[in-house]
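Notes follow once the structure below has been shown.
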Number of protein chains: 2
Amino acid sequence: MSKKEDILKAATALFAHKGFQFATMSEISKLTGAAEGTIIYHFKSKEQLLLAILKDAKTRIIEEFEKYFEGKTFESGLSMMEDVVSFYLYLAGMMDEQFLLLQRHYPYQLADTNPECREYLEAIYNCLVDIFEKAILLGQADGSMADFHPRKTAMILFSMVDGLVRFKNYNLYDAGALYSELIASCRRMLRNA
Amino acid sequence: MSKKEDILKAATALFAHKGFQFATMSEISKLTGAAEGTIIYHFKSKEQLLLAILKDAKTRIIEEFEKYFEGKTFESGLSMMEDVVSFYLYLAGMMDEQFLLLQRHYPYQLADTNPECREYLEAIYNCLVDIFEKAILLGQADGSMADFHPRKTAMILFSMVDGLVRFKNYNLYDAGALYSELIASCRRMLRNA
DNA sequence: CCAATTACTGAGTGAGCGCTCAGTCAGTGT
DNA sequence: ACACTGACTGAGCGCTCACTCAGTAATTGG
């Protein structure tokens, strides 16, 4: 692995676990064995380093979902929803540091003044909510789901799943124990009575 | 209003909107007209100032819910749940800066090493989830809600409502437009079919 | 083989931070 | 009048931080 990739990986972990402000260049330097000057050489500034991380996260999340759905068919919208929730949680476990970073405030604060940052965050957010929405639209078409506002309900669904990831990240409760209850709740919420 | 209260209020706003690290003592000083020495005089340190804010938030949130439920009766668990969700969102609007601060990571990071901080956060969290749980237990007793795990479902409910507050805080979507969809989703999720 | 380019280094810089402390000042009890 | 107390001040201290820059090492292409 190249030194640049090393830095990106270590910085992702530090930004995710300590926050942008508390993660220092010297700490990234120590963790990677690269001099502080090397970090700046590759990424220009600490803020640009964060942007590179977010760009990387965006690319990977979109790729992973595309790969997952490639040639896949679902017996119903309701079962697609279950699949999507499962895969979302699986991905949040695989890319735990990126998802943790995306749950912090700083990227969204930066997005207020930095259009590039805003672009990455919106792309990720839209990718995720779009997938929930697609499952709902399918479910409403095949009659497995009741009639409600697809986009708004997709956002509520997103909140529920994101909340479980948050519980896991904060260690507030055994998230695994909540998984089956979450799926059951989603089913009750969406299904055609 | 005393200078100490002024500082507490200004610091709450700054910690909520900028984050603990990016909010500086000199900024709090400028906003309140109090010298930096005065802030330290009243609160000992920046961290102690945050703790005072969290203690204040804890006290007020618990008080407000106690006041709200004083002598109140509900026709069913399902309608109590609606009332609770409404009041939660109302309170999150009234105390927007405290709720925003409680959605940041830093307080939970501090809680890892500071037992006092942990105590305040747990008290707030338990207060909120307990109220959802009470509504569910009532609903299951009076038959308006289906049979599921009360505590776990209360946590999922909490996630949903908390997510809507987050949407509002991040300005990602008009949260008001989501309110009626949220209530409807909760009803479908909880009601006895 | 040797420029030329790219990758990397780390001591040094200056800005900004939380906090200190010697001191002012208004209010209160005697 | 005086002593005492608690609220408040702000220049200054020590420290940490992101970033600079002059220089070195490695890689590449003619």
Side-chain angles (χ1 to χ4, degrees), chain A residues 1-56 101 104-114 116-117, chain B residues 1-56 101 104-114 116-117:
Chain A
M1 195 193 278
S2 76
K3 209 148 230 180
K4 195 177 172 182
E5 281 169 332
D6 276 346
I7 294 167
L8 210 65
K9 206 176 165 189
T12 304
L14 279 174
F15 288 169
H17 289 112
K18 310 188 83 179
F20 182 78
Q21 310 93 306
F22 286 105
T24 64
M25 300 298 267
S26 85
E27 210 171 354
I28 301 169
S29 162
K30 266 179 214 151
L31 255 164
T32 53
E36 286 189 48
T38 309
I39 303 168
I40 295 293
Y41 170 75
H42 282 300
F43 297 98
K44 304 241 177 201
S45 73
K46 195 185 177 188
E47 195 174 297
Q48 289 291 319
L49 173 55
L50 175 63
L51 282 173
I53 290 168
L54 293 175
K55 185 179 189 173
D56 199 57
L101 181 60
R104 297 200 85 103
H105 279 230
Y106 188 70
Y108 302 91
Q109 235 161 281
L110 183 59
D112 281 341
T113 54
N114 187 313
E116 194 187 338
C117 181
Chain B
M1 195 193 278
S2 75
K3 209 146 232 181
K4 194 176 172 182
E5 281 170 332
D6 275 347
I7 294 167
L8 209 65
K9 207 176 165 188
T12 304
L14 280 173
F15 287 169
H17 289 111
K18 310 188 83 179
F20 182 77
Q21 180 79 338
F22 284 111
T24 64
M25 299 297 268
S26 85
E27 212 170 353
I28 301 169
S29 162
K30 266 178 213 151
L31 256 164
T32 53
E36 287 188 47
T38 309
I39 304 169
I40 295 296
Y41 169 75
H42 283 299
F43 297 98
K44 305 243 176 201
S45 73
K46 195 185 175 188
E47 197 174 295
Q48 289 291 320
L49 173 55
L50 176 63
L51 283 174
I53 290 168
L54 292 175
K55 186 178 187 174
D56 199 55
L101 180 61
R104 297 201 84 103
H105 279 231
Y106 187 70
Y108 302 91
Q109 238 161 280
L110 183 59
D112 281 341
T113 54
N114 186 314
E116 194 188 338
C117 181

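Proteins get letters first, then strands, A, B, ... in listed order; numbering begins at 1 in each.
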Inset, instruction - Report the C-alpha distance between A/Thr12 and A/Asp56 in whole Å, list the side-chain angles of each, state the deciding distance to 0.1 Å, and finish with yes or no for side-chain contact (heavy atoms from CB on, under 4.5 Å). - result: CA-CA 10 Å; A/Thr12 304; A/Asp56 199 57; over 6 Å; no
Legend entry - By salt bridge (charged side-chain N to carboxylate O under 4.0 Å, His left out) - contacts of A/Asp112 (at least two apart): A/Arg118
Polar atom pairs (N or O), protein with nucleotides 22-24 of chain D, under 3.5 Å:
none

Inset, instruction - Provide, to the nearest angstrom, the distance between the NZ atom belonging to A/Lys46 and the C1' atom belonging to D/dT16. - result: 11 Å
Inset, instruction - Write down the distance between CD1 (A/Ile28) and P (D/dC19), rounded to a whole number of angstrom. - result: 10 Å
Inset, instruction - Would you list the pairs meeting salt bridge (Lys or Arg N to Asp or Glu O under 4.0 Å) in which at least one residue belongs to residues 28-53 of chain B, sequence neighbours left out? - result: none
Legend entry - NZ or CZ of A/Lys4 within 45° of A/Phe43 ring axis and under 6.0 Å: yes
Legend entry - Check: A/Ser2 main-chain N/O paired with A/Glu5 side-chain donor or acceptor under 3.5 Å: yes
Could you list the protein-to-nucleotides 22-28 of chain C atom pairs, N/O on both sides, closer than 3.5 Å?
none

Inset, instruction - For nucleotides 4-11 of chain C, just jot down a letter per nucleotide in 5' to 3' order: B, S or -, based on protein non-hydrogen atoms under 4.0 Å. - result: --SBBBB-
Legend entry - With B/Phe15 via ring-ring contact (aromatic ring centres under 6.0 Å, His included) - residues at least two apart: B/Phe20
Legend entry - Between C/dG18 (P) and B/Phe43 (CZ): distance, integer Å: 15 Å
Legend entry - With B/His105 via ring-ring contact (aromatic ring centres under 6.0 Å, His included) - residues at least two apart: A/Tyr170
Legend entry - Donor-acceptor pair, side chain of A/Ser29 and main chain of A/Met25, under 3.5 angstrom: no
Legend entry - B/Gln21: side-chain contact (heavy atoms from CB on, under 4.5 Å) partners, not counting sequence neighbours: A/Gln21, A/Phe22
Legend entry - Under 3.5 Å donor-acceptor, A/Thr38 side chain and A/Ala34 backbone: no
Inset, instruction - Check every strand shown and say whether B/Ser29 touches a base, only sugar-phosphate, or nothing at a heavy-atom separation below 4.0 Å. - result: nothing
Legend entry - side chain to side chain donor-acceptor pair (under 3.5 Å) involving A/Gln109 - partner list, sequence neighbours excluded: B/Arg104
Legend entry - Stretch residues 18-25 of chain A: residues that reach within less than 4.0 Å of DNA chain D through a heavy atom: A/Ala23, A/Thr24, A/Met25
Inset, instruction - Using the test side chain to side chain donor-acceptor pair (under 3.5 Å), find all partners of A/Lys18 that sit at least two apart in sequence or belong to another chain. - result: A/Glu27
Inset, instruction - Identify, with sequence neighbours excluded, every residue that meets side chain to side chain donor-acceptor pair (under 3.5 Å) alongside A/Glu116. - result: A/Tyr120
Legend entry - Nucleotide D/dC17, atom P - distance to CG of A/Leu14 in whole Å: 12 Å
